[in-house]
Amino acid sequence: MTTEQPLLTPVSLGRYTLPNRLVMAPLTRNRAGEGNVPQAIHATYYAQRAGAGLIVSEATQVSPQGVGYPATPGIHSEAQVEGWKPVTEAVHAKGGRIFLQLWHVGRISHPSLQPDGALPVAPSAIQPKGEAATYTGSQPFVTPRALELSEIPGIVASYRKAAENALAAGFDGVEVHSANGYLLDQFLQDGTNHRTDEYGGSIENRARLVFEVLDAVVDVWGSDRVGIRLSPSGTFNDMYDSNPKALFTYVIERLNNYNLAYLHLIEPRVGEDAGNPAHQEALGLTTAYFRTIYNGTIVAASGYTQESGNEAIAQGHADLVAYGRLYISNPDLAERFRLNAPLNPYDRSTFYGGDERGYTDYPILETQAA
Ligand code: PHB
């Protein structure tokens, strides 16, 4: 290389200085053990990817009610905290940094995954189209139960407790998952939030829970070790808002009041608008737009390549770029970018569930004698 690739330059993120601008995206891999506890292979998997500037863990439940898929990890039980410790230690031993992603799926669940077979909860009793992934295969989503106003402080408390547990488990920070049609996103968007109390109706009311959760988590970690993930143009998990530009402009402008480690924006990838830049453009929901209203660090995600990632940073649209599928199959992705080396193809059939195959067995580049 004659000129350095923007992705491979250092960047400050909250209180950290990262050696490069590659983020390993949060990726559901469904390999947690009994009790939704991370296993020894999780430590191997994440440590293999410690060359990323930052790792964001797979989405991790803040409470038993927050579960929506088989074999996804949690951060609410003591066994889970103990299960995560070897993961953070292994990443740190390799010189990496890892944030935990805090997750409550809301209505994207099924009674068979819920404590006592209860109904999943949501802002409103609106059944998502589609099917839940359960231990016995796909089953139609049910109509969730609308959370009582009196239950909302308990939801905020579960995020606070999970944030404390993440600190105890040795993470470097946390990311609040407010994207992709899960609980916080369900509150934000008016397709899923029909409430008539102070958590519904106006944009300010719909955003109330997100900011209450953010305040609780920031209280535990300090704002400079907290990120938040949003998907302003996403339709995954049957999401809809009547005016997403007004909604997400409000939320993101208000995030300027925090000194967050970063804002993580997903451009369409999952769902029917997958990878369609025209759709984002039409809605005016591009990262380039949000850049004009957000003062802090932006991580962009959505099927970026080495080339388009470098370009996004060079153009100033994003400060860092998250890679998902490429990190699944290329544990040494930053090194491969540095060398402009070929990438391993990924095997989609081993993304969700299974064992070390397709998880910890993707090869790193052979060390070449110079
Ligand atoms: C998934 O498990 O399919 C999943 C989890 C978290 C996301 C998106 C998809 O943000």
Side-chain angles (χ1 to χ4, degrees), residues 23-32 36 38 42 45-46 54-63 65-75 98-110 112-114 120 122 128-135 137-141 159 162 174-189 192 210 213 227-239 248 262-275 299-304 322-328 346-354 358-359:
V23 175
M24 178 185 169
L27 297 162
T28 292
R29 304 301 309 275
N30 309 83
R31 282 158 168 90
N36 303 82
H42 289 74
Y45 165 75
Y46 284 110
L54 178 69
I55 295 171
V56 182
S57 82
E58 62 207 271
T60 299
Q61 291 95 227
V62 298
S63 65
Q65 186 190 64
V67 182
Y69 300 83
T72 49
I75 188 73
I98 180 168
F99 278 34
L100 177 94
Q101 195 192 48
L102 297 168
W103 194 33
H104 188 309
V105 299
R107 68 178 188 161
I108 303 301
S109 185
H110 187 269
S112 67
L113 295 163
Q114 290 288 312
K129 288 197 193 78
E131 297 188 320
T134 78
Y135 283 97
S138 296
Q139 299 193 54
F141 284 122
Y159 278 92
V174 289
E175 176 175 291
V176 174
H177 192 345
S178 188
N180 290 345
Y182 297 110
L183 184 69
L184 298 178
D185 202 21
Q186 290 160 29
F187 269 85
L188 286 177
Q189 302 204 39
T192 39
V210 172
V213 164
I228 186 168
R229 194 169 214 223
L230 298 171
S231 50
S233 50
T235 57
F236 181 59
N237 284 326
D238 196 21
M239 292 305 291
F248 287 97
Y262 62 90
L263 166 63
H264 192 166
L265 290 171
I266 310 170
E267 293 152 324
R269 235 297 300 161
V270 279
E272 60 197 33
D273 299 308
V299 179
S302 69
Y304 279 94
Y323 292 93
R325 288 159 296 156
L326 295 186
Y327 253 120
I328 287 178
Y346 50 81
D347 173 10
R348 193 176 287 279
S349 74
T350 52
F351 280 3
Y352 305 110
Y359 191 56

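The first residue of the sequence shown is numbered 1, and numbering continues consecutively from there. Counting convention: from 1, in listed order, for ligands and their atoms alike.
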Look up atom OH in Tyr327 and atom OH in Tyr45, then write down how far apart they are to the nearest 0.5 Å.
-> 11.0 Å
For ligand 1, which atoms sit closer than 4.0 Å to a heavy atom of Asn180?
-> 7 (C), 8 (C), 10 (O)
Flag side-chain contact, heavy atom, 4.5 Å: Gln186 against Ile108 | yes
Give yes if a backbone or side-chain nitrogen or oxygen of Tyr352 is under 3.5 Å from a nitrogen or oxygen of ligand 1, and no if not.
-> no
Output yes when a side-chain donor or acceptor of Ser302 lies under 3.5 Å from a complementary backbone atom of Ile266, and no otherwise.
-> no
Which of the ligand 1 atoms, numbered from 1, are nearer than 4.0 Å to a heavy atom of Trp103 | 5 (C), 6 (C)
Cut-off 3.5 Å, side chains only: do Tyr69 and Gln61 have a donor facing an acceptor?
-> no
Would you mind listing which atoms of ligand 1 come within a distance below 4.0 Å of any non-hydrogen atom of His177?
-> 6 (C), 7 (C), 10 (O)
Looking at ligand 1, does Glu58 have a heavy atom less than 4.0 Å from it?
-> no
Contact check: Thr28 vs ligand 1, nitrogen or oxygen atoms, below 3.5 angstrom | yes
Sub-4.0 Å atoms of ligand 1 with respect to non-hydrogen atoms of Phe236 = 8 (C), 9 (C)
Which pair of non-hydrogen atoms, one from Pro140 and one from His110, has the smallest distance, and what is that distance?
-> O-CD2, 3.8 Å
At their closest point, which heavy atom of His104 faces which heavy atom of Ser63, and how far apart are they?
-> CD2-OG, 3.9 Å
